[in-house]
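In what follows, every chain begins at residue 1, and chains take the letters A, B, ... in the order their sequences are listed. The basis for the numbers below is simple: all heavy atoms, side chains too, and nothing from hydrogens, waters or symmetry mates.
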Amino acid sequence: MQTTDQLETLLAGLNDPQREAVTYGEGPLLILAGAGSGKTRVLTHRIAYLVATGAAQAGEILAITFTNKAAAEMRERAELLVGRRVRAMWVMTFHAACARILRAHADRLGYTRQFTIYDQADSRRLIKRCMEAANVDPKRFTPAAIHSQISDAKNRMRDAEAYAQMVGSYFEQTVANVYTGYERELHRANAMDFDDLLGRTVNVIELFPEVRSAYQDTFRQILVDEYQDTNPVQYRLLELLSGERRNLTVVGDPDQSVYGFRGADITNILSFEEQFPDAAVIRLEQNYRSTQTILDAANAVIANNRGRKEKQLWTELGEGDPIHVRELDDEHAEARFVVGEIQRLVDAGASLSEVAVFYRTNAQSRVLEDTLVRAEVAYQVVGGTRFYERAEVKDAIAYLTLLVNPQDAGSFSRIVNSPRRGIGVTSVARILGYANTLGASVWEVAAEPASVPGLGAAAIKAVGRFMETMVALRERATSGEASVAPLLGAVLDQTGYLEALRAERTIEAQGRIENLEELVNVASEYDATEGEERSLSAFLQQLSLVADADTREDDKGVVTLMTLHNAKGLEYPIVFMIGCEDGIFPHSRAIEEGALEEERRLCYVGITRAQRDLYMTCARQRTVFGAHGYAVPSRFLGEIPDSLTDRGEQQARGRAGFRERLTSWPASGPAATAETGGQSLRVGRARANPEPPAFALGEDVSDSKFGEGTVIGLEPGGIVVVRFRRDGSERKLLSQYAHLSRR
DNA sequence: TATAAGGGATTTTTT
DNA sequence: ATCCCTTATA
């Protein structure tokens with residue numbers, strides 16, 4: 001118990017509802033936190049308050065988020081309030097908490113504690129295999145469609161058996177068949193997918209009363225962030241963990257529920273009061289982020305949704321500037337407008353890092369990127385291919401995974417012929433099939449390749465050599481020596497993986513090598529961390545739950561580009577929302593499926609990211625999938641009152657296109673100056689400095705691997721494009737690494 | 001068994 | 001337009 005002074009310090013600077021939320025006593029609590037209303041602040045202060053008043057020990061707090069980034073932020077900010085006691089708290093994602101619980105109890109469900117976690121791509125590969133096994137026509141149903149159906153079933157706690165009970169169409173019957181096989185194969189591989197982490201945790205808690213009561217005792221206080229994004233399993237999990245005590249604090253904003261398409265159930269937050277009739281509800285409506293104009297626009301748009309929990313955001317920050325709405329000719333003009341405007345703002349003193357551009361679909365970034373590159377404005381794209389999704393990184397991880405989980409057929413088939421060892425798909429299928437027949441693990445079967453029926457002599461030899469290497473590596477991995485980085489180095493080396501990449505000597509291969517070096521760095525960092533049990537399998541589990549090496553940098557002085565979905569939780573002084581056209585945003589598929597309200601919430605999310613300046617643009621014509629089309633401004637634009645925008649002003653001038661032309665970027669010429677009155681261009685970080693080319697265009701060259709060829713292109717960064725005579729191939733080589741010589 | 005040409009799809013994605 | 005995957009071929 002702390003002194004009153006200390007408690008007062010905790011509460012200082014909080015507004016009334018925030019203070020009420022922080023100090024609320026026992027029982028369920030729903031905090032409806034509007035955008036920018038300080039919900040993380042409330043959560044962390046509540047955590048500190050609970051500890052300070054003795055309502056819970058640090059070790060009795062479970063604070064759940066959806067992303068690692070949010071968990072890290074919460075942990076940091078809680079540490080500022082409670083100090084090192086934060087170490088005892090469970091501040092982590094749903095999946096990480098479940099993985100931790102399962103590492104202790106998965107054996108009760110027939111898994112080992114080294115179980116592998118399959119990410120979406122792993123799952124999809126397995127689904128595909130199961131579809132083949134069940135003779136499903138891949139033309140008729142895609143693995144993605146089937147996986148999403150299975151995932152949806154898992155989110156609703158329907159196992160394969162329950163699903164099969166209620167099929168109503170041929171598609172569902174097909175899914176049921178694949179689902180059954182998929183579950184069997186997952187379990188055989190001692191693997192769980194992301195959905196299983198949640199579902200199996202629920203299973204273990206439901207099935208074993210002693211496990212249940214242990215965790216119910218441990219977690220005296222449970223707090224959940226972004227509650228509007230929870231799905232039915234997560235609800236069940238919270239219900240089980242909070243137990244009789246029901247000290248459950250959930251924070252969220254139903255208007256920011258934008259993940260319904262992946263199973264999030266907005267009714268969790270909308271019906272919280274029915275599910276917990278004694279719940280207190282606190283609304284945080286004061287916004288500390290945006291101007292009143294921006295908030296009014298957001299309020300106006302979201303008001304068109306039905307069945308909401310009413311909420312009116314307000315601020316003391318003042319009215320601010322009107323929202324800039326622009327209609328441009330096409331996506332190129334739109335991009336030029338955005339870039340020109342960014343340059344104008346920068347000239348007026350803004351920093352590029354204050355600017356973000358949001359779009360509905362990733363494909364929209366391309367035109368914008370081209371325009372930014374031409375204008376030499378530095379930018380970063382958030383999302384896209386992530387570090388741990390790169391093939392070489394996944395390969396390296398699969399090698400390690402197979403070493404700790406020799407049952408993992410997925411990892412085995414991923415790397416057995418990577419690098420090429422002359423073990424093709426047929427041979428792999430024979431090995432997997434034989435393992436299936438025997439009910440043995442892939443490892444055991446591969447260790448005796450000669451006994452696999454139908455395996456050719458060459459394949460037997462190749463598999464034998466592969467397994468020789470793997471057995472040696474496994475001995476090393478299980479010898480009790482805990483350092484991961486040296487082991488990873490040995491894997492990359494002894495399996496010939498690095499050698500094969502080096503032999504390619506292409507710019508792409510060089511990039512892959514660098515990625516692998518980065519992975520070794522990640523491993524070294526892991527090796528150096530203190531506390532907790534460090535082991536290869538713990539490392540791998542940690543990796544599998546960190547999808548992104550979080551590439552976004554806030555202070556790099558670059559413009560940030562991302563999808564609206566990725567924008568959730570962020571804020572920028574200046575925001576551009578591009579492609580505000582019906583069919584793009586709201587997306588045509590969403591319109592077809594009647595998912596307009598979720599699109600509108602996405603619009604609400606986008607608008608409320610802006611602190612000071614908000615631009616919304618649309619194009620009259622746009623090329624989609626290579627086809628020209630005319631576009632209509634987004635219905636969401638129409639939902640914003642004209643009085644909040646500069647549309648009237650634009651019309652009053654009677655020359656809507658005039659200003660655009662003034663600030664637009666000339667269609668060509670990288671060094672062109674914007675026609676904005678002769679200001680000098682602010683140029684961002686140069687993207688690549690061309691080195692003096694070692695080779696000249698048209699020069700005849702010779703490469704030790706590809707033979708003779710001709711230089712047909714030179715690109716910045718010392719990249720030489722060569723067409724080789726032998727096979728007519730065009731390859732990009734990095735002159736610095738390539739074994740290239742003049743003839 | 002490994003590489004080249006055709007065909008079809010194509011939203012968003014915290015883990 | 002583009003990417004990915006299947007199919008055809010050396």
Side-chain angles (χ1 to χ4, degrees), chain A residues 64-72 92-99 117-124 128 132 137-140 142-145 147-148 151 155 192-198 225-226 228-231 233-234 256-264 331 358-364 366-367 382-386 388-389 417 420-428 456 458-459 462 541-548 550 562-570 579 583-593 595 598-599 601-602 605-606 623-628 727-729:
Chain A
I64 300 198
T65 64
F66 275 83
T67 67
N68 294 300
K69 198 173 136 258
M92 56 186 86
T93 65
F94 269 106
H95 291 82
C98 288
I117 299 169
Y118 276 14
D119 67 15
Q120 178 163 302
D122 300 329
S123 302
R124 207 151 279 180
K128 215 176 142 201
E132 282 158 17
D137 180 2
K139 292 246 167 72
R140 198 151 171 204
T142 64
H147 182 218
S148 112
S151 176
N155 287 163
M192 299 193 204
D193 64 19
F194 282 146
D195 302 317
D196 286 337
L197 289 177
L198 305 166
D225 192 16
E226 304 278 15
Q228 76 281 355
D229 290 331
T230 52
N231 62 30
V233 203
Q234 286 161 336
Q256 293 186 61
S257 164
V258 292
Y259 284 107
F261 68 92
R262 41 180 297 178
E331 66 268 34
F358 303 150
Y359 36 80
R360 179 61 177 81
T361 67
N362 286 304
Q364 290 171 258
R366 214 169 261 152
V367 174
V382 175
T385 324
R386 290 182 285 221
Y388 294 109
E389 281 170 12
N417 199 34
R420 305 264 138 84
R421 300 186 173 91
I423 308 169
V425 282
T426 346
S427 302
V428 175
Q541 285 202 2
Q542 185 183 306
L543 273 198
S544 61
L545 296 176
V546 181
D548 202 338
D550 205 357
M562 67 181 99
T563 63
L564 284 156
H565 282 87
N566 274 318
K568 200 169 69 139
L570 305 177
I584 301 287
F585 185 40
H587 194 274
S588 51
R589 283 249 314 246
I591 298 173
E592 283 164 30
E593 291 164 13
E598 183 151 311
E599 295 285 300
R601 292 192 289 267
L602 198 53
V605 166
T623 307
V624 187
F625 302 146
H628 270 284
D727 53 356
S729 64

Gap separating the CE atom of A/M562 from the CG atom of A/L570, nearest 0.5 angstrom:
5.0 Å
Aro-ring/base stack A/F261-B/dT11, d under 5.5 Å, angle under 30°:
no
With sugar-phosphate meaning primed atoms plus P, OP1 and OP2, does A/F94 contact a base, only sugar-phosphate, or nothing at under 4.0 Å between heavy atoms?
nothing
Contact class for A/S588 (heavy atom, under 4.0 Å): base, sugar-phosphate, or nothing?
nothing
Tell me whether the rings of A/F261 and A/H565 are parallel (<30°), tilted (30 to 60°) or perpendicular (>60°).
perpendicular
Along DNA chain B (nearest heavy atom to each residue), the more 5'-positioned of A/I423 and A/E593:
A/I423
Begin with the C-alpha distance, continue with both residues' side-chain angles, and end with the deciding distance and a verdict on salt bridge (charged side-chain N to carboxylate O under 4.0 Å, His left out) for A/R601 and A/E598.
CA-CA 5 Å; A/R601 292 192 289 267; A/E598 183 151 311; 3.4 Å; yes
Return yes if some donor-acceptor pair links the side-chain N/O of A/E599 with the main-chain N/O of A/F585 below 3.5 Å, else return no.
no
Comparing nearest nucleotides in DNA chain B, the 5'-proximal residue of the pair A/H95, A/A459 is A/A459
Write down the distance separating the C1' atoms in B/dT11 and C/dT6, rounded off to the nearest Å.
25 Å
Taking the same atom, C1', in B/dT12 and in C/dC5, what whole-Å distance lies between them?
23 Å
Give A/N566 one of three labels, base, sugar-phosphate or nothing, depending on what nucleic acid heavy atoms sit under 4.0 Å from its own.
sugar-phosphate
Base, sugar-phosphate alone, or nothing: which one does A/D119 contact when heavy atoms must sit under 4.0 Å apart?
nothing
Could you check whether A/T361 and A/Q364, counting side-chain N and O atoms only, form a donor-acceptor pair closer than 3.5 Å?
yes
What does A/S427 touch in the nucleic acid at a heavy-atom separation under 4.0 angstrom: a base, only the sugar-phosphate, or nothing?
sugar-phosphate
note: A/E226, atom CD; B/dT13, atom P; distance rounded to Å ~ 16 Å
According to the 5.5 Å centroid and 30° plane-angle thresholds, does A/F66 stack upon the nucleobase of B/dT15?
no
Between A/H587 and B/dT11, do the rings stack, that is, sit under 5.5 Å apart with planes less than 30° off each other?
yes
Check every strand shown and say whether A/G569 touches a base, only sugar-phosphate, or nothing at a heavy-atom separation below 4.0 Å.
nothing
